[in-house]
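A quick write-up on the structure given underneath.
Just so you know, these numbers use all the heavy atoms, side chains as well, and skip hydrogens, waters and symmetry mates.
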Amino acid sequence: MIKFLKSVMISNLDDELVLMDTKNGHYYSLNESASEIINYLQDGKTVEEVANLLNKKYSINIESVTNDINELIINLKNKKLID
Amino acid sequence: MYKYFAYNNLIISELLLPLNPIIDENYYSKNILYINKNTISFIYKETSLIGTISYSIKDQEIYINVPNVAQYLYNNNEIIVDPYDQSDIKLIGLYLIHFVMLFIINNNNYLLLHGSAVTSPFNKEEAMILIGNKGAGKSTLAATLSKHNSKILCDDLIPISKDGLVHPGIPIIKLFEDSYKAITNNAEISNENSDGQGKYHLNANYSSSAKKLNTIIILSKCNINDIEIKELTGGEKIKAIIQHIIKIDTLNKDSFIFTYLMELTKNIKVYSLKRVDEYINPELIIKEIFKIYKKGD
């Protein structure tokens, strides 16, 4: 499960997640696919569970989607938006 | 002394302001704001706010400088106004009500955008906002739209309340000489309609009532052949608009702006309009804008 830091404000807009880091006023937006992944991870699902879900839903290669999810998590960590 | 009521304050003013005066001598409000005319000598480093307008903050004092109009200094429950020589009394009041007071008293109820706002050419109860960097053609396009059924709501500073209403602001369209002449079919320019900074005030139809925001168009010039219009969604909308929000860092909280923007942009259309980086007849741009509306029907 991922959890955004308290300093991060999140809102949905046109099926995308828009984030703002109140520490520096920077804005970030996650496209529809990334937003869907984040929503699953925030609900408590593991990376593996999300990859399986997306594989069933969109017939995406599990290995490729797992890499994408991990990359997304690393990006959010690097930007100090999640723990 | 003149008495007014605005932004939840009883205003007792030495200056005549563009507001409806209070006739009742016994009118009472717990919030009283005094407006007095005096000389201001506030000498802290100024930060640019929008165009040539700048501000400075020291302790509880907020200073705003509007060149060729007036300097304003707020402290506690008083705004001191120090007009520049030969400045227009009407402009001094308009900047005070629609700009200085918005920041000082009401900065958590309004969002201020830098651009031009007009009533929609297709629905007079709706507002269209044009934003973009300096020279993008905001005022010229607003002036051209005023020849196509639109009325001007404001130019330069656009106040938008939380309910998505665009309020009439400073209702003066300022145009460079070439645009002024093109819009007015070569009307003579004079010192009377000059703003002293190379622009000229246009006589256009203005709206005096707030209108529901329907569309924001972000104008830019770039290296393309003609005109390109693209609808923006999600984060693109926010990133495009955020650059044109006018804020005083210590007064306008980022969290407020975020919440406000998210709510505001949920129900409006936002378009990016790019055009070739050379003169283009504004009527051609208007034609492209009208196509968007026709598609939406």
- Flag if over 12 foreign heavy atoms under 6.0 Å of CD, B/E61: yes

- Decide if atom NZ of A/K23 counts as having more than 12 heavy atoms of other residues, nucleotides or ligands within a radius under 6.0 Å. yes

- Task: Evaluate side-chain contact (heavy atoms from CB on, under 4.5 Å) for A/T22 paired with B/F258, printing each intermediate quantity in order.
- Result: CA-CA 9 Å; A/T22 56; B/F258 178 83; over 6 Å; no

- Query: When you look at NZ of B/K221, are more than 12 heavy atoms from neighbouring residues, nucleotides or ligands closer to it than 6.0 Å?
  - Reply: yes

- What one should report as the nearest heavy-atom pair of B/K266 and A/S11 is NZ-OG, 4.4 Å

- Item | Under 4.5 Å from any heavy atom of chain B - which part of A/L19 | backbone

- When you look at CG of B/N223, are more than 12 heavy atoms from neighbouring residues, nucleotides or ligands closer to it than 6.0 Å? no

- Message: Does B/K211, at its NZ atom, have more than 12 non-hydrogen atoms belonging to other residues, nucleotides or ligands within less than 6.0 Å?
- Response: yes

- Honestly, the part of A/D15 sitting under 4.5 Å from a heavy atom of chain B is neither

- Where is the tightest heavy-atom contact between A/Y27 and B/I257, given as atom of each residue plus distance? OH-CG2, 4.1 Å

- Using the side chain to side chain contact (heavy atoms under 4.5 Å, CB included) rule, pick out the option among B/L261, B/I238, B/T233 that qualifies with A/L13. B/I238

- Message: If you count heavy atoms of other groups shown closer than 6.0 angstrom to CD of B/E231, is the number above 12?
- Response: yes

- Task: Write down the atom of B/K239, the atom of A/S29, and the distance for their closest heavy-atom approach.
- Result: NZ-OG, 3.5 Å

- One should read off an interatomic distance between B/I242 CD1 and A/H26 NE2, to the nearest 0.5 angstrom, of 11.5 Å

